[in-house]
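Report on the structure given below.
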Amino acid sequence: MPEGHSVHRIAARFRSDLVGSPVSVTSPQGRFVQGAAQLDGRVMEDCFAVGKQMFARFDNDLHLRVHLGIYGAWDFSTLHAEEALAGGNTAPVDREGQTGTYAAAAAGSMGAPRVSRVRAGEEETSGTASGAGEQWPPAPVGAVRVRLLTDRVCADLRGPTVCEAITPHEAAAHLERLGPDPVVDGKRRGWTRFREKAAHRRTPIGALLMDQSMIAGIGNIYRAEMLFRAGIDPYTPTVDLREEQLRELWDDWCRLLPIGIETGVIVTRTELRGKAKQAMLESVADRHHIYGRAGEPCRVCGTTISLAEMQGRKLYWCSGCQR
DNA sequence: TAATTATGACGAC
DNA sequence: TCGTCCTAATTAC
């Protein structure tokens, strides 16, 4: 899940569902109790992503900084109480204690409200109020590092590599260390920044694309797929690339990131249309050119796809197509 | 029940 | 380069 596209999606969801609301902040797991107390009850004023990091600013100027790492995830639940509210004579969910069950909150209403849950980036599922697990707010499941709760939205974070409350100064310091992100910098300024940082490095391009201070948001899947699309051997020292090749990599990231944000899926086989595209979106086996396909034939030239370790991560490439 | 794996990054050598 | 941290799902036994 979490390469840059996912984090931008999550930030967008925070902007639409939590920004502007006072937020109850807790740490059901108990490992973020102090930080949660600093943010609890404050209004979230903004939320944005740069690369793989998310920053949410609260009305006391503290920022919640979250990095999902390799397996962190946000789960969202939403209280759908439109029917209850439309009844006009029903109290909404208790905003202070948040202890009332969802059925109780809906007492006397016409339609049954629902609680829907969704893992960031997946489709929504919903249930009815009668189920044991359909309380509002939902009972925390597993190791929930932080829970952000408004009157109708609950966001649970588990397994992050970073979750901290920091000052604006500290947030600025983190942002400064990050390379350009197409969404933040735009195509032109981003290219200027990327070229200045990267062009003279001897680092293999396969490693450089994973360096978040060089270019922000690319992870192991986009790395493999972008180098395949560009026909570049991952071991090529960055300095040995022609400027057009480096430019093409940046332009491709500017192309792919918005598709990932839009679809919630890492789409790199952009040549596909119709049924082939549908199959690609539905089947893991068809999803990528290179990533996860070691030992299988390249879809373009038939060469067996190679696998090696680079910086402790699995690197996939086609020695036939990438030179 | 245990081992394995994962879309990440950091600090110690 | 290696070990470490964070969690959950899947696979092996």
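Letters A, B, ... are given to chains in the order of the sequence lines, protein chains preceding strands, and every chain is numbered from 1.
Using a 4.0 Å heavy-atom distance criterion, A:Q311 is classed as making no nucleic acid contact. At a threshold of 4.0 angstrom between heavy atoms, the contacts of A:Y291 are confined to the sugar-phosphate backbone, with no base atom among them.
Between the CD atom of A:E309 and the C1' atom of C:dT1 there is a distance of 11 Å, given to the nearest Å. Taking atom CD1 of residue A:I10 and atom P of nucleotide B:dT7, one finds them 17 Å apart after rounding to whole Å. As a whole-Å value, the separation of A:D75 CG from C:dA9 P is 9 Å.
Comparing the P positions of C:dT11 and B:dT7 gives an interatomic distance of 16 Å, to the nearest angstrom. With both ends at atom P, the span from B:dC10 to C:dA8 equals 23 Å, rounded to whole Å. Nucleotides C:dC6 and B:dT1 are separated by 24 Å at their P atoms, to the nearest Å. Straight-line distance between the P atoms of B:dA9 and C:dA9: roughly 23 Å, to the nearest whole Å.
Partners of A:H63 under the side-chain hydrogen bond (donor to acceptor under 3.5 Å, both in side chains) rule, at least two apart in sequence or in another chain, do not exist in this structure. For the side-chain hydrogen bond (donor to acceptor under 3.5 Å, both in side chains) test, no residue two or more places apart in sequence or in another chain qualifies with A:R299. Every salt bridge (Lys or Arg N to Asp or Glu O under 4.0 Å) that A:R269 has, sequence neighbours left out, goes to A:E271.
The phosphate of B:dT7 (OP1 or OP2) has a side-chain N or O of A:R313 nearer than 4.0 angstrom. Note on A:K314: a side-chain N or O is less than 4.0 Å away from OP1 or OP2 of B:dA6. Side-chain nitrogen and oxygen atoms of A:K52 include at least one within less than 4.0 Å of the OP1 or OP2 phosphate oxygen of B:dA9.
Aromatic rings of A:W253 and A:F194 (six-membered ring for Trp) have centroids beyond the 6.0 Å cut-off, not under it.
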Extract all donor-acceptor atom pairs below 3.5 Å that involve side chains of residues 314-323 of chain A and protein atoms in other chains or at least two apart in sequence.
| residue | atom | partner | partner atom | Å |
| --- | --- | --- | --- | --- |
| A:Q322 | OE1 | A:C318 | N | 2.9 |
| A:Q322 | NE2 | A:L227 | O | 3.3 |
| A:Q322 | NE2 | A:I232 | O | 2.8 |
| A:R323 | NE | A:G320 | O | 3.3 |
| A:R323 | NH2 | A:S319 | O | 3.4 |

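Listed by first and then second residue, the side chain to side chain donor-acceptor pair (under 3.5 Å) pairs involving residues 200-228 of chain A are A:D211-A:S213, A:N220-A:R223, A:E225-A:T268, A:E225-A:H289 (not counting sequence neighbours).
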Please enumerate all protein N or O atoms sitting under 3.5 Å from an N or O of nucleotides 4-6 of chain C, with distances to 0.1 Å.
| residue | atom | partner | partner atom | Å |
| --- | --- | --- | --- | --- |
| C:dC6 | OP1 | A:R31 | NH1 | 3.1 |
| C:dC6 | OP1 | A:R31 | NH2 | 2.6 |
| C:dC6 | O5' | A:R31 | NH1 | 3.3 |
| C:dC6 | O3' | A:R145 | NH2 | 3.2 |
| C:dC6 | N1 | A:Y71 | OH | 2.5 |
| C:dC6 | O2 | A:T161 | OG1 | 3.4 |
| C:dC6 | N3 | A:Y71 | OH | 2.9 |
| C:dC6 | N4 | A:Y71 | OH | 3.3 |

